[in-house]
Trainee: 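Before I ask anything, here is the structure I am working with.
Atoms within each ligand, like the ligands themselves, are counted from 1 in listed order. Heads up: numbering here begins at 1 and tracks the sequence.
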Amino acid sequence: MSEPGGGRGFGSSVPQRAPWSLVAATAALCLVSATSVWTAGASPMSREEKQKLGNQVLEMFDHAYGNYMEHAYPADELMPLTCRGRVRGQEPSRGDVDDALGKFSLTLIDSLDTLVVLNKTKEFEDAVRKVLRDVNLDNDVVVSVFETNIRVLGGLLGGHSLAIMLKEKGEYMQWYNDELLQMAKQLGYKLLPAFNTTSGLPYPRINLKFGIRKPEARTGTETDTCTACAGTLILEFAALSRFTGATIFEEYARKALDFLWEKRQRSSNLVGVTINIHTGDWVRKDSGVGAGIDSYYEYLLKAYVLLGDDSFLERFNTHYDAIMRYISQPPLLLDVHIHKPMLNARTWMDALLAFFPGLQVLKGDIRPAIETHEMLYQVIKKHNFLPEAFTTDFRVHWAQHPLRPEFAESTYFLYKATGDPYYLEVGKTLIENLNKYARVPCGFAAMKDVRTGSHEDRMDSFFLAEMFKYLYLLFADKEDVIFDIEDYIFTTEAHLLPLWLSTTNQRISKKNTTSEYTELDDSNFDWTCPNTQILFPNDPLYAQSIREPLKNVVDKSCPRGIIRVREESFRSGAKPPLRARDFMATNPEHLEILKKMGVSLIHLKDGRVQLVQHAIQAASSIDAEDGLRFMQEMIELSSQQQKEQQLPPRAVQIVSHPFFGRVVLTAGPAQFGLDLSKHKETRGFVASSKPYNGCSELTNPEAVMGKIALIQRGQCMFAEKARNIQNAGAIGGIVIDDNEGSSSDTAPLFQMAGDGRDTDDITIPMLFLFSKEGSIILDAIREYEEVEVLLSDKAKDRDPEMENEEEQPSSENDSQNQSAEQIASGSQEVDLVDQEPPEESSLNSHPESLSPAVTDNAASISPSEQNFNPTENHETTSLDGECTDLDNQLQEQSETEEDSNPNVSWGKKVQPIDSILADWNEDIEAFEMMEKDEL
Ligand code: DMJ
């Protein structure tokens with residue numbers, strides 16, 4: 001093995017070489033000495049407590065990895081609720097998410113280097129042998145190039161990196177002869193056909209056996225890919241080239257990066273989310289630092305660190321400057337349009353952006369990292385986990401949480417940068433929440449809905465690749481890790497690549513790397529951490545002082561969006577533009593403003609009012625832009641309100657032995673019966689009704705009396721089933737879908753509607769479960785006979801209390817011993833006819849709702865009441881002074897930013913009307929895209 005040439009820093013640190021020391025190495029310097037600089041603030045954590053927490057992480061990893069190996073391996077992933085492996089093709093398709101699964105024992109490969117970091121060298125040796133013995137990379141399966149690169153190629157390379165390190169130490173892996181590297185090379189060649197495009201951007205998917213385009217491949221026809229998908233290859237591909245001497249991999253990855261750089265929007269220096277791989281046109285022109293773009297930025301900076309190529313740093317700095325100018329609205333990071341970067345593209349943020357503070361630490365820009373991290377932590381404190389998306393006023397936008405590691409990653413890097421024990425306390429909270437809310441008898445289950453605490457039958461491989469590494473390293477002292485973590489860089493999947501690669505096999509020519517950069521002025525380095533002494537100028541409370549004003553940002557926020565208000569309004573002293581949330585169709589002043597903005601009001605025959613904007617009718621281009629913003633806000637407001645009118649999902653929690661509340665199933669609510677959000681939860685044993693469809697008087701009232709009746713969907717109205725079980729004395733009901741294999745993982749939940757008549761006579765709570773969730777209860781009945789459940793709007797904490805309530809012995813092993821078949825099977829064989837369709841909420845029943853319709857050059861929305869005025873928001877705003885404070889604070893920041901940075905006026909240039917019109921269709925498309933947007 002070559003001598004490591006890496007320098008000292010920490011985790012994602014840098015080798016000591018002069019050319020690139022300006023940014024990355026200085027960041028690392030901050031990190032090294034910060035620990036000793038910190039002396040006050042949060043109480044320091046004792047070595048004993050850190051060790052205790054480290055051991056807890058080890059135990060949690062054993063629980064996750066052990067259950068995967070015992071119940072799922074060689075499948076790609078563990079399904080922790082049904083305690084079996086997820087095999088692609090054998091489960092209902094979940095769409096793109098399944099593209100990570102290539103029938104190559106994904107979780108095992110993704111876990112390899114975690115085993116070494118966690119000091120499980122013996123297990124690592126076993127795992128490598130299993131990979132070499134069992135894993136086949138030649139399956140006829142279509143996989144994501146991006147996911148296969150970061151998880152599998154990265155996993156094999158991380159495993160190889162640590163295998164050769166161990167071999168050199170002389171105790172373990174003495175038999176190892178680069179076998180993982182050979183597999184990595186084989187996989188690398190399998191991915192190369194994806195790059196056969198004129199642009200050099202890879203196809204998003206490839207067939208492991210047949211490549212691209214052949215009829216058998218079932219892929220190769222896609223036209224678009226995400227920026228991160230094309231821009232997150234360089235670390236793994238360059239490492240593969242440098243380890244093997246085969247330069248082609250690094251060349252291909254460089255070419256893709258070069259193309260993306262060429263295609264950046266030249267005036268904003270931002271990139272969009274999706275790009276056409278043939279034409280290079282931006283398909284989605286919204287731009288942020290989260291989903292779809294995130295690791296493109298990460299890899300530019302880390303490619304510089306690993307490869308020492310200045311061009312990557314220059315590109316990163318150019319993008320970073322743009323990000324801080326337009327997207328960063330501390331503590332928020334909000335997507336904007338690449339062509340109009342002063343215009344926010346969304347009023348919500350996604351969970352993937354939680355990696356960004358960690359990247360800012362590597363860059364050396366600590367202050368905004370602390371701010372954004374603190375904001376994210378406040379959201380976590382409210383919901384226990386970071387929801388997949390949340391609004392600018394910190395409401396849940398998408399409620400899932402698939403145990404993503406990004407926040408733990410940033411916490412680790414911030415601790416290394418500041419040495420502030422506050423971040424150890426944050427890590428402790430993460431551990432507690434995982435154990436309390438996500439731990440199930442057979443591993444850790446993703447959260448289906450952070451509001452209800454319900455689970456999804458899913459444990460993604462990145463949970464083992466990343467979460468446990470960052471949490472363990474957070475509490476570890478140097479001697480707790482058997483090698484020097486500072487000699488390695490973390491890939492986006494937290495795989496470890498040795499820094500000595502920077503000086504190995506440097507034969508790759510830089511001919512593909514363009515030399516065209518925007519001139520960098522000094523402001524590009526404004527956010528660079530110069531050194532520790534300046535960052536913490538004798539102020540050990542520095543980080544705390546940045547966090548303090550953000551402590552209550554979530555609790556005190558108003559339930560409304562915070563949208564950047566155009567600065568020129570303030571400057572000229574003019575009134576800020578009319579906001580959608582303030583609009584009242586009966587206010588003549590508002591109607592006048594609408595007219596100026598080119599927005600006309602059409603009174604429809606049915607009493608509704610439609611808004612249509614024609615930019616050309618606006619009084620000026622500024623007014624046209626205001627009109628555009630107004631319409632965008634209206635659409636966002638409308639979809640938000642529609643969401644709020646939906647009853648949120650409910651939870652069915654199995655509380656009896658051996659589940660003790662650890663299994664929480666996502667349930668659909670009913671529009672009739674007891675409202676669980678207003679009343680205490682209902683707890684009871686379950687019993688199947690006879691007839692099972694519950695469509696006539698029950699023949700087994702004695703069995704369901706005082707219990708929660710299980711009824712199958714179909715053959716009559718939901719309300720009729722409810723009446724029949726209520727008459728038999730049931731205290732609640734669970735309707736189980738008759739559509740075999742249906743699951744809340746793959747089908748949207750719905751509300752059970754009434755029967756069109758008065759349903760006040762139904763007083764018991766009714767919930768709906770899809771077939772897969774229902775079969776978990778039915779299987780439990782078969783196995784344990786007595787099964788008790790809790791019906792509620794939010795799962796009750798699974799704490800020892802719940803176990804104590806039971807007299808039966810508790811043992812995780814008991815439940816783990818259930819065979820996969822026992823838990824998985826259980827669909828009922830009942831002949832059924834079509835069941836009732838779920839009733840949709842209509843405009844009439846929800847008079848406030850708006851239905852956006854977007855047409856050529858005009859967007860129209862149709863409020864059903866003329867006086868569109870979300871009073872709830874108003875009241876909250878005017879009653880809660882602190883809400884106003886938050887807005888003012890952001891406003892002030894906006895103004896300060898403007899004062900100190902003359903370039904901010906970019907977005908304030910008066911745009912000619914024809915340019916606005918030219919962009920119009922793009923905006924409409926972008927809005928439509930955003931509405932449909934999925935992570
Ligand atoms: C990981 O697979 C990688 O970190 C990737 O870059 C995006 N995020 C997932 C985990 O959330």
Trainee: Please classify the Thr232 to ligand 1 contact at 4.0 Å (heavy-atom distances, strictly less than): side chain, backbone, both or neither.
Mentor: neither

Trainee: For the aromatic rings, using the six-membered ring if either is Trp, is the centroid distance between Phe444 and Phe463 under 6.0 Å?
Mentor: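 Yes; Phe463 has its ring centre under 6.0 Å from that of Phe444.
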
Trainee: Any atoms of ligand 1 less than 4.0 Å from a non-hydrogen atom of Ile150? List them with their elements.
Mentor: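 Answer, ordered by atom number: 2 (O), 3 (C), 5 (C).
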
Trainee: What do you reckon, are the aromatic ring centroids of Tyr423 and Tyr412 less than 6.0 Å apart?
Mentor: no

Trainee: Given Arg205, which partner from the list Asp99, Thr219, Thr225, Thr148 fulfils the side-chain hydrogen bond (donor to acceptor under 3.5 Å, both in side chains) test?
Mentor: Asp99

Trainee: Can you tell me the protein heavy atom closest to atom 6 (O) of ligand 1 and the distance?
Mentor: Thr492 OG1, 2.7 Å

Trainee: Do the ring planes of Phe407 and Tyr377 sit parallel (below 30°), tilted (30 to 60°) or perpendicular (above 60°)?
Mentor: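 Rings of Phe407 and Tyr377: parallel, as their planes differ by under 30°.
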
Trainee: Which residue holds the protein heavy atom closest to atom 2 (O) of ligand 1, what is that atom called, and what is the gap in Å?
Mentor: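 For atom 2 (O) of ligand 1, the nearest protein heavy atom comes out as Glu493 OE1, 2.6 Å.
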
Trainee: Does ligand 1 have any atom that is closer than 4.0 Å to a heavy atom of Glu466?
Mentor: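 It does, in that a heavy atom of Glu466 comes within the 4.0 Å cut-off of ligand 1.
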
Trainee: Judged on heavy-atom distance to atom 8 (N) of ligand 1, which of Met467, Arg404, Glu406 sits nearest?
Mentor: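 Comparing heavy atoms across Met467, Arg404, Glu406, the nearest one to atom 8 (N) of ligand 1 lies in Glu406.
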
Trainee: Which bit of Asp460 gets closer than 4.0 Å to ligand 1, counting heavy atoms only: side chain, backbone, both or neither?
Mentor: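 Near ligand 1, Asp460 shows nothing, with every heavy atom at 4.0 Å or more.
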
Trainee: Is the distance between the ring centroids of Tyr472 and Phe468 under 6.0 Å?
Mentor: no

